[in-house]
Amino acid sequence: MQFPNNQFIPLDEYVGTCNAHYYAAGEAIGADGDFITAPEISQMFGEVLGAWVISRWDQMGRPTPFQLIELGPGKGTLMADMLRVLRQHPDANAAAHVHLVETSPNLRAAQKQTLRGFTPPIMWHDDFNHIPAAPFILIANEFLDALPIKQLIYTLEGWLERGVIFKDGKAGWATAPLPRGWQPDIPPHMARPVPGNILEASPAIINEADKIIARLKNQKGSALIIDYGYAVPDYGDTFQALRHHAYADPLEHPGEQDLTAHVNFNALENLAHNAGVSYNGPAAQGDFLISIGLKLRVEKLLETTTAPEEKLEIIEAAHRLTHPSEMGTLFKVLCLSSPTLPAPEGFHAS
Ligand code: SAH
């Protein structure tokens, strides 16, 4: 893909353009792609989330119909694993209307293929706001980290915006004055910046979260956000590229590798808090999955599996999803809910 030469491109514009191109190709996820996500590691992930959806639907008073919304469903694996569990609860299955928010035509096609054969109606949308308002349960796994971030860098001249300039078709880092009206939002616990400090912010993530929170104020609903990120913000550069399962230079091969950044869960909590929407977490993914029944699921699967190598695969997958040295701690789970609902399963009272 082509960017203009000799022109400052703010980092979020660069990431947005690259990722739109990258996801349109639809070959990102899986062993043949650039990265693996939890639902692609094991069906257990989607199965325990399916059980969580049923429990939440029950806590919501079993609204019929209800919308089962997924943002950025990838290959459709997570939704398929959840719908298999729903199928065993005829009331919930009959009440569910599936809404998928996906911009990539190729991934939409992959989702259609994966989800054929399930009974709930499925609709695709480009944007969450296109989904008609109704009681809903929303899941977003590794969606927010794919949205563009901005980076500011502190210098002897104060804060500047980081971005990219192409020279002879080759990208290099550059800085420019902050957009007019932009003030860095530095949480009070953070020390004063020193030159070289990088501050990340994602207007795109805030915009998505705002839409969900606005709906939660008017509709009974819950949104489960699962992603890698941090609960306590600090200075630092979390922007990264993944290509063929290895870290790569994010300025190389624009549009052909996965560009992501860690999600600032604290910013999401603050938005919910200020809007009067309830939130639980962020919990560590490992604690959350175990608390909603992952161990029982592992035991059940081990009982029905005879091949030793398959048994080993199940145990390894559970380890990968939950162990602190793997995805257990870096990945976090935040549940936003409309204010009147009881606390969801999976979050210990704190
Ligand atoms: N949730 C999946 C895939 C994560 S990859 C999984 O866990 O495997 C990110 C997904 O979000 C892809 O499906 C990508 O096409 C989609 N996506 C990225 N940016 C988007 C945007 N702005 N709007 C809608 N979907 C987007």
Side-chain angles (χ1 to χ4, degrees), residues 12-50 53 68-83 98-115 122-131 138-149 202-212 223-229 240-243 245 255-263 285 288-289 317 320-321 327 330-334:
D12 55 343
E13 256 181 68
Y14 172 76
V15 175
T17 310
C18 287
N19 273 355
H21 184 269
Y22 173 70
Y23 281 111
E27 287 157 6
I29 310 155
D32 304 338
D34 295 311
F35 62 95
I36 293 261
T37 56
E40 304 297 331
I41 290 174
S42 167
Q43 67 189 69
M44 295 184 288
F45 182 78
E47 288 168 349
V48 292
L49 284 177
V53 165
L68 179 54
I69 301 174
E70 189 180 353
L71 307 184
K75 294 176 156 183
T77 311
L78 170 55
M79 184 54 76
D81 293 337
M82 293 197 295
L83 288 180
V98 174
H99 292 270
L100 304 177
V101 179
E102 176 60 69
T103 41
S104 161
N106 283 1
L107 285 174
R108 279 189 182 198
Q111 292 152 17
K112 202 168 224 162
Q113 179 71 10
T114 310
L115 296 172
I122 304 178
M123 286 186 68
W124 277 265
H125 308 270
D126 280 335
D127 190 289
F128 172 79
N129 276 351
H130 298 164
I131 305 173
L138 177 151
I139 310 278
N141 184 61
E142 288 209 44
F143 170 70
L144 295 182
D145 71 81
L147 297 182
I149 58 154
S202 177
I205 291 182
I206 299 297
N207 181 43
E208 284 301 319
D210 271 341
K211 293 189 246 179
I212 298 168
L224 198 67
I225 292 164
I226 308 167
D227 225 311
Y228 52 112
Q240 64 186 33
L242 277 171
R243 187 172 161 85
H245 305 276
E256 286 165 33
Q257 50 188 15
D258 177 47
L259 299 181
T260 73
H262 289 201
V263 172
Q285 172 171 293
F288 175 80
L289 291 178
R320 226 171 134 185
L321 293 172
M327 299 171 79
L330 175 61
F331 279 73
K332 297 182 173 54
V333 186
L334 178 70

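A quick note: this is a predicted structure, and the numbers were derived from the prediction, not measured. Whatever order the structure lists ligands and atoms in, that order sets their numbers, starting from 1.
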At less than 4.0 angstrom from any non-hydrogen atom of [X], what atoms of ligand 1 do you find?
X      : value
Leu147 : 22 (N)
Gly74  : 2 (C), 3 (C), 13 (O)
Pro39  : 6 (C), 7 (O), 8 (O)

**Request:** Would you check whether Glu102 has a nitrogen or oxygen atom less than 3.5 angstrom from a nitrogen or oxygen atom of ligand 1?
**Result:**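 Min N/O separation from ligand 1 is below 3.5 Å for Glu102.
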
**Prompt:** Any nitrogen or oxygen of Thr37, main chain or side chain, under 3.5 Å from a nitrogen or oxygen of ligand 1?
**Reply:** yes

Main-chain N/O of [Y] paired to [X] side chain as donor or acceptor, under 3.5 Å:
X      : Y      : value
Asp81  : Glu47  : no
His245 : Gly30  : yes
Asn19  : Leu259 : yes
Lys211 : Asn129 : no
Asn106 : Ala25  : yes

**Request:** Anything under 30° is parallel, anything over 60° is perpendicular, the rest tilted; go ahead and classify Phe331 against Tyr228.
**Result:**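 Correct class here is tilted.
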
Side chain, backbone, both or neither: which applies to [X] and ligand 1 if a contact is any heavy-atom pair less than 4.0 Å apart?
X      : result
Thr103 : both
Asp127 : neither
Asn141 : both
Ile29  : side chain
Ala204 : neither

Which residue supplies the protein heavy atom nearest to [atom], what is that atom called, and how far is it?
atom                    : result
atom 17 (N) of ligand 1 : Phe143 CE1, 4.0 Å
atom 9 (C) of ligand 1  : Glu142 O, 3.5 Å
atom 18 (C) of ligand 1 : Tyr23 CD1, 4.0 Å
atom 3 (C) of ligand 1  : Gly72 O, 3.4 Å

**OG1 on Thr103 to CG on Asp126, rounded to 0.5 Å** =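 One finds 7.0 Å between CG of Asp126 and OG1 of Thr103.
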
Do any side-chain atoms of residues 68-78 form donor-acceptor pairs under 3.5 angstrom with protein atoms, and if so which ones, sequence neighbours left out?
unit_1: Lys75; atom_1: NZ; unit_2: Ile29; atom_2: O; d: 3.1
unit_1: Thr77; atom_1: OG1; unit_2: Glu40; atom_2: OE2; d: 2.7

**Item:** Results of side-chain hydrogen bond (donor to acceptor under 3.5 Å, both in side chains) for Tyr23 - residues two or more places apart only
**Value:** Asp258

